[in-house]
A.B. asks: 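Sharing a structure below in structure tokens format, with a few things to ask.
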Amino acid sequence: MMMSNKLHQSMAQDIAFDGSPAKIFTLTNSNGMSVSFMDIGATWLSCCVDLGDTTREVLLGVATMKQHQQQQAYLGATVGRYANRIESGRFVINGEIHQVLTNQAGNCLHGGPDSFTHRRWLVEGVVEESREQTIVFTLESPDGDQGFPGKVNASVSYTLTNKNEVIIAYSATIDKACPINLTNHAYFNLLGADSQSDCLDHSLTMNASQYLPSDASGIPVGELKEVQGTSFDFMQLKKLKQDFMADHDQQLAAGYDHSFLLETECHLGHATAASVTSPDGKLRLELQTTKPAIQLYTGNYLAGCPNREGGEYVNHAGFALETQFLPDSPNHPEWQQPSCIVQPEQTYKHQTTYRFLVV
């Protein structure tokens, strides 16, 4: 608990954008695992796993609000309305053209310049049921927010179970048809977030037979490609570094920053979507999700991002597995995935589980 107590103190020293300090919350389980969150961005701040002889912080993060406001890597933040990119910030629903705000190479990235990541979410408090702790954050986004149509009422809950699972459940309702795509932008390093080791020695399997090529700004180009015979094939366990920067698609992105379309059995809840093992073999992360795709990002532009120790992260200090719809999905209804457009009579509802296994 020393890590979480220190975090509670350090994150409250500086005020947030609205003149008040952040509110920090820590959940613990019977295995000595602890996870911390704050209301700014409904952000996942810390993830400490008890390995028996030591406790390992596996989530990249910062120690102060000043650092949080400096970093631009979306560390642990809830991302929305639409995670990933929308080309030119433009899409059409029922014949009506919608133009949303752009913030990256002329495109809309992660919901725009003042996205859900930058908001103070309301906290419904910590609930304990069957010795499992849950915290719920809610946010109201008005009609026209960042140019998106409709008023959204969103909620994100984090549950820590006694199986060392962090379950993130997303829910949203809206009064006008609009694309919604919520995710968490956690970066992991299973050797330790401050281990000074990069993530490329981690071993990954991904239950995805197709990936989506993209241009230098992350916008999809062409059709989904089969991973077989490419550097994007993680159907069998391999180290991230094995085929790193091996082809043009990766070279455009300075590494992996691509979306993989999961096998249908994954988002139907019948199979693990991805699994990552630490280089020392002591810890494994298993991921399950109801979302159709995962964006694998190997932290290609993390250099200069502040870390908890008062220094800076380097490129590839951590990896992200962002569960979501494919990027620019509002403009590609032909892709074989559920629609990202939520109608007023529908409820957006998705779940992602990160399970940490000590091996």
Side-chain angles (χ1 to χ4, degrees), residues 1-8 10-11 26 28-29 31-37 43-64 67-68 70-77 160 164-166 184-206 234 237-245 254-257 274-287 296-322 354-359:
M1 291 296 291
M2 288 183 63
M3 174 72 77
S4 62
N5 290 338
K6 182 179 178 182
L7 193 62
H8 279 245
S10 64
M11 288 300 297
T26 295
T28 60
N29 71 7
N31 301 318
M33 181 174 170
S34 67
V35 287
S36 296
F37 309 92
T43 299
W44 189 2
L45 287 175
S46 172
C47 182
C48 294
V49 182
D50 190 337
L51 300 185
D53 56 344
T54 186
T55 298
R56 187 174 289 182
E57 170 64 81
V58 298
L59 192 73
L60 272 61
V62 296
T64 69
Q67 290 176 333
H68 176 74
Q70 288 173 344
Q71 63 90 14
Q72 298 179 1
Y74 300 88
L75 297 177
L160 176 62
N164 281 9
E165 297 167 322
V166 178
N184 186 280
H185 210 304
Y187 294 80
F188 301 98
N189 188 317
L190 302 183
L191 271 183
D194 303 304
S195 66
Q196 307 302 314
S197 299
D198 67 34
C199 69
L200 301 180
D201 273 317
H202 287 66
S203 299
L204 168 69
T205 56
M206 185 102 71
F234 289 97
L237 186 71
K238 73 175 182 182
K239 290 188 176 183
L240 288 169
K241 71 178 183 182
Q242 179 174 314
D243 297 318
F244 193 70
M245 294 288 284
Y256 292 109
D257 190 7
S275 178
V276 187
T277 303
S278 63
D280 64 359
K282 292 183 177 181
L283 192 60
R284 186 166 73 249
L285 169 60
E286 293 183 349
L287 186 152
L296 168 64
Y297 179 45
T298 45
N300 308 330
Y301 295 100
L302 277 173
C305 178
N307 64 23
R308 295 187 187 89
E309 308 303 312
E312 296 178 344
Y313 288 117
V314 298
N315 287 341
H316 319 305
F319 64 89
L321 293 169
E322 307 158 53
Y354 297 92
R355 180 183 297 112
F356 298 87
L357 301 171
V358 180
V359 292

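Bear in mind the structure is a predicted one, so any value in this text is a computation, not a measurement.
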A.B. asks: Between the main-chain N or O of Tyr297 and the side-chain N or O of Asp257, is there a donor-acceptor pair closer than 3.5 Å?
C.D. replies: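 No; zero donor-acceptor contacts below 3.5 Å.
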A.B. asks: If I take atom NE2 from residue His8 and atom OG from residue Ser36, how far apart are they, to the nearest 0.5 angstrom?
C.D. replies: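 Going from NE2 on His8 over to OG on Ser36, the span is 4.5 Å.
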A.B. asks: Between Glu309 (side chain only) and Gly311 (backbone N and O only), is there a donor and an acceptor less than 3.5 Å apart?
C.D. replies: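 A pair under 3.5 Å: no.
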A.B. asks: Does His316 have any ring-ring contact (aromatic ring centres under 6.0 Å, His included) partners at least two apart in sequence or in another chain, and if so, which?
C.D. replies: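 Once residues adjacent in sequence are excluded, the partners of His316 under the ring-ring contact (aromatic ring centres under 6.0 Å, His included) criterion are Phe244.
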A.B. asks: Apply side-chain hydrogen bond (donor to acceptor under 3.5 Å, both in side chains) to Tyr256 and list each qualifying residue two or more places apart in sequence or on a separate chain.
C.D. replies: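 side-chain hydrogen bond (donor to acceptor under 3.5 Å, both in side chains) check on Tyr256 returns Gln250.
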A.B. asks: Apply salt bridge (charged side-chain N to carboxylate O under 4.0 Å, His left out) to Asp201 and list each qualifying residue two or more places apart in sequence or on a separate chain.
C.D. replies: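 Result, salt bridge (charged side-chain N to carboxylate O under 4.0 Å, His left out) vs Asp201: Lys239, Lys241.
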A.B. asks: To the closest 0.5 Å, what do you measure between OG (Ser197) and CG (Leu190)?
C.D. replies: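 Taking OG in Ser197 and CG in Leu190, the distance rounds to 11.5 Å.
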A.B. asks: Is it true that Ser10 and Thr64 share a donor-acceptor pair across their side chains at a distance under 3.5 Å?
C.D. replies: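 Checked: Thr64/Ser10 side chains show no N/O donor-acceptor pair below 3.5 Å.
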A.B. asks: Do you know which two heavy atoms are closest between Ser34 and Thr28, and how far apart they sit?
C.D. replies: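 Between these two residues, the closest heavy atoms are CB-CG2, 3.9 Å.
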A.B. asks: Who passes ring-ring contact (aromatic ring centres under 6.0 Å, His included) against Tyr74, sequence neighbours left out?
C.D. replies: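 With neighbours one apart ignored, the set is His110, His185.
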A.B. asks: Out of curiosity, Leu285 CG to Phe356 CZ, how far, rounded to the nearest 0.5 Å?
C.D. replies: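 Here the rounded value is 5.0 Å.
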A.B. asks: Can you list the residues that meet the salt bridge (charged side-chain N to carboxylate O under 4.0 Å, His left out) rule with Arg355, with sequence neighbours excluded?
C.D. replies: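 Here the qualifying residues are Glu165, Glu286.
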A.B. asks: To the closest 0.5 Å, what do you measure between CG (Leu160) and CG (Asn29)?
C.D. replies: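 Separation between the atoms: 4.5 Å.
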A.B. asks: To the nearest 0.5 Å, tell me how far His202 NE2 sits from Arg284 CZ.
C.D. replies: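 Here the interatomic distance stands at 13.5 Å.
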A.B. asks: Which heavy-atom pair separates Leu75 from Cys305 by the least distance, and what is that distance?
C.D. replies: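 Between these two residues, the closest heavy atoms are CD1-SG, 3.7 Å.
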A.B. asks: Does a side-chain heavy-atom distance below 4.5 Å link Asp198 with Val314?
C.D. replies: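 Contact flag for Asp198/Val314 side chains = no.
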A.B. asks: Quick one: does Leu204's side chain get under 4.5 Å of Leu296's, heavy atoms only?
C.D. replies: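 Counting from C-beta outward, Leu204 and Leu296 do come under 4.5 Å.
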A.B. asks: Using a 6.0 Å cut-off, check whether atom CD of Gln196 has over 12 heavy atoms from anything other than its own residue.
C.D. replies: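 Atom CD in Gln196 is not crowded, with 12 or fewer foreign heavy atoms closer than 6.0 Å.
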A.B. asks: Going by side-chain hydrogen bond (donor to acceptor under 3.5 Å, both in side chains), name the residues that satisfy it together with Asn307, two or more places apart in sequence or in a different chain.
C.D. replies: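 In terms of side-chain hydrogen bond (donor to acceptor under 3.5 Å, both in side chains), with neighbours along the sequence ignored, Asn307 is linked to no residue.
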A.B. asks: Ring pair (Phe, Tyr, Trp, His ring centres under 6.0 Å) for Tyr313 and Tyr187? Distances and angles first, verdict last.
C.D. replies: CA-CA 11 Å; Tyr313 288 117; Tyr187 294 80; 8.4 Å; no
A.B. asks: Looking at Asn184 and Ala186, what are the two nearest heavy atoms and their distance?
C.D. replies: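 Taking every non-hydrogen atom into account, OD1-N, 2.9 Å.
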A.B. asks: Looking only at side-chain N and O atoms, does Asn31 offer a donor or acceptor that is under 3.5 Å from a partner on Asn164?
C.D. replies: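 Short answer, yes.
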A.B. asks: Determine whether Met33 and Cys47 satisfy the following criterion, side-chain contact (heavy atoms from CB on, under 4.5 Å), listing intermediate values before the conclusion.
C.D. replies: CA-CA 8 Å; Met33 181 174 170; Cys47 182; 3.7 Å; yes
A.B. asks: Applying the side-chain contact (heavy atoms from CB on, under 4.5 Å) test to Leu283, which of Leu357, Val58, Leu191, Val359 qualifies?
C.D. replies: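 One option only clears the test, and that one is Val58.
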A.B. asks: For a quick test of reading the model, state the closest non-hydrogen atom pair linking Leu321 to Ala274 and the distance between them.
C.D. replies: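 So the two residues come closest at CD1-CB, 4.3 Å.
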A.B. asks: For Leu59, does its backbone N or O pair with a side-chain atom of Glu57 as donor and acceptor, under 3.5 Å?
C.D. replies: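 Looks like yes, one N/O pair under 3.5 Å.
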A.B. asks: With heavy-atom distances below 4.5 Å as the criterion, would you say the side chains of Phe188 and Val276 are in contact?
C.D. replies: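 Sidechains of Val276 and Phe188: no contact.
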A.B. asks: Atom CE in Met11, atom CZ in Arg308: separation rounded to 0.5 Å?
C.D. replies: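 CZ of Arg308 is found 10.0 Å from CE of Met11.
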A.B. asks: Which heavy atom in Glu312 sits nearest to a heavy atom in Gly304, and how many Å separate them?
C.D. replies: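 That closest heavy-atom pairing would be OE1-CA, 3.5 Å.
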A.B. asks: With a 3.5 Å distance limit and no angle check, can you tell me whether Asn315 reaches the backbone of Ala303 through a side-chain donor-acceptor pair?
C.D. replies: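 Pair found, side chain donor or acceptor close to backbone of Ala303.
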A.B. asks: Check Gln70 against Pro306 and note the closest heavy-atom contact, atom names and distance.
C.D. replies: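 Looks like OE1-CG, 4.1 Å.
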